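This report concerns only the one structure given below.
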Amino acid sequence: DVKVTQSSRYLVKRTGEKVFLECVQDMDHENMFWYRQDPGLGLRLIYFSYDVKMKEKGDIPEGYSVSREKKERFSLILESASTNQTSMYLCASSLAPGRGGYEQYFGPGTRLTVT
Amino acid sequence: GIQVEQSPPDLILQEGANSTLRCNFSDSVNNLQWFHQNPWGQLINLFYIPSGTKQNGRLSATTVATERYSLLYISSSQTTDSGVYFCAVEFNTGGFKTIFGAGTRLFVKA
């Protein structure tokens with residue numbers, strides 16, 4: 001069974017704080033993704049990574065950065081949290097296409113509130 | 001532009017009823033998945049179905065890639081089927097980018 005875990009289910013931070021969201025997968029997947037989900041806007045891709053130390057911007061990368069130092073771990077960083085970053089954050093992973101990939105598996109989500 | 005549209009946006013069913021959810025997409029695809037998001041926010045994989053038909057218990061899905069749509073069938077619905085159903089599509093021209101539809105919110109009444 002594919003397992004994707006996220007470091008926190010709920011998180012409350014203050015405006016201006018640096019925030020780290022961690023995601024770990026245990027299935028040796030090459031690809032990892034960070035999305036945010038907001039009412040009325042659906043899921044939007046923030047960043048993805050197709051290999052260690054590789055990253056690509058998604059649709060809404062502004063205000064975020066990512067880190068992938070190890071294959072199993074993908075971190076989302078809010079350098080200076082703002083109230084408009086209050087959202088549900090979802091991490092996903094998948095195999096590379098050459099290994100029969102495409103199917104994405106999601107973690108349980110982190111509901112972040114910035115006050 | 002690239003679009004993924006789901007219908008209906010909302011659906012209320014009596015327990016035991018059947019339903020069909022639809023996903024239309026605007027271009028040829030590498031990948032199409034159906035997910036169920038439960039009330040706690042977890043996205044659960046239902047089907048990986050870029051083409052053809054698959055069945056899993058009371059659920060089945062069909063994708064007709066040439067006509068750019070996919071259907072999710074729910075038979076004998078149960079209250080635990082409630083939640084939001086998403087169609088997610090990776091287009092041929094989009095690299096690794098997956099686009100989610102807005103979802104169908106389903107409520108099954110006991």
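We use all heavy atoms of the structure for the numbers below, so side chains are in, but hydrogens, waters and symmetry mates are not. A quick note: this is a predicted structure, and the numbers were derived from the prediction, not measured. All chains are named by letter (A, B, ...) in the order of the sequence lines, taking the proteins before the strands, and each is independently numbered beginning at 1.
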Inset, instruction - Give, as side chain, backbone, both or neither, the part of A:Gln37 having an atom under 4.5 angstrom from any heavy atom of chain B. - result: side chain
Inset, instruction - Measure up the B:Phe100 and A:Phe106 rings against each other and bin them: parallel (under 30°), tilted (30 to 60°), perpendicular (over 60°). - result: perpendicular
Legend entry - Portion of A:Arg9 that has a non-hydrogen atom of chain B nearer than 4.5 angstrom: side chain
Legend entry - Polar side chain donor-acceptor pair, B:Tyr69 to B:Glu5, under 3.5 angstrom: no
Legend entry - Contacting moiety of B:Gln37, where chain A heavy atoms sit under 4.5 Å: side chain
Inset, instruction - Please state whether the side chain, the backbone, both or neither of A:Leu41 comes within less than 4.5 Å of a heavy atom of chain B. - result: neither
Inset, instruction - Consider only side-chain N and O atoms of A:Ser94 and A:Glu103, and report whether a donor and an acceptor are under 3.5 Å apart. - result: no
Legend entry - Side-chain donor-acceptor pair present, A:Ser93, A:Gln104, cut-off under 3.5 Å: no
Legend entry - Under-4.0 Å salt bridge between A:Arg68 and A:Asp51: no
Legend entry - Residue among A:Gly58, A:Gly107, A:Gly42 with most heavy-atom pairs under 4.5 Å to chain B: A:Gly107
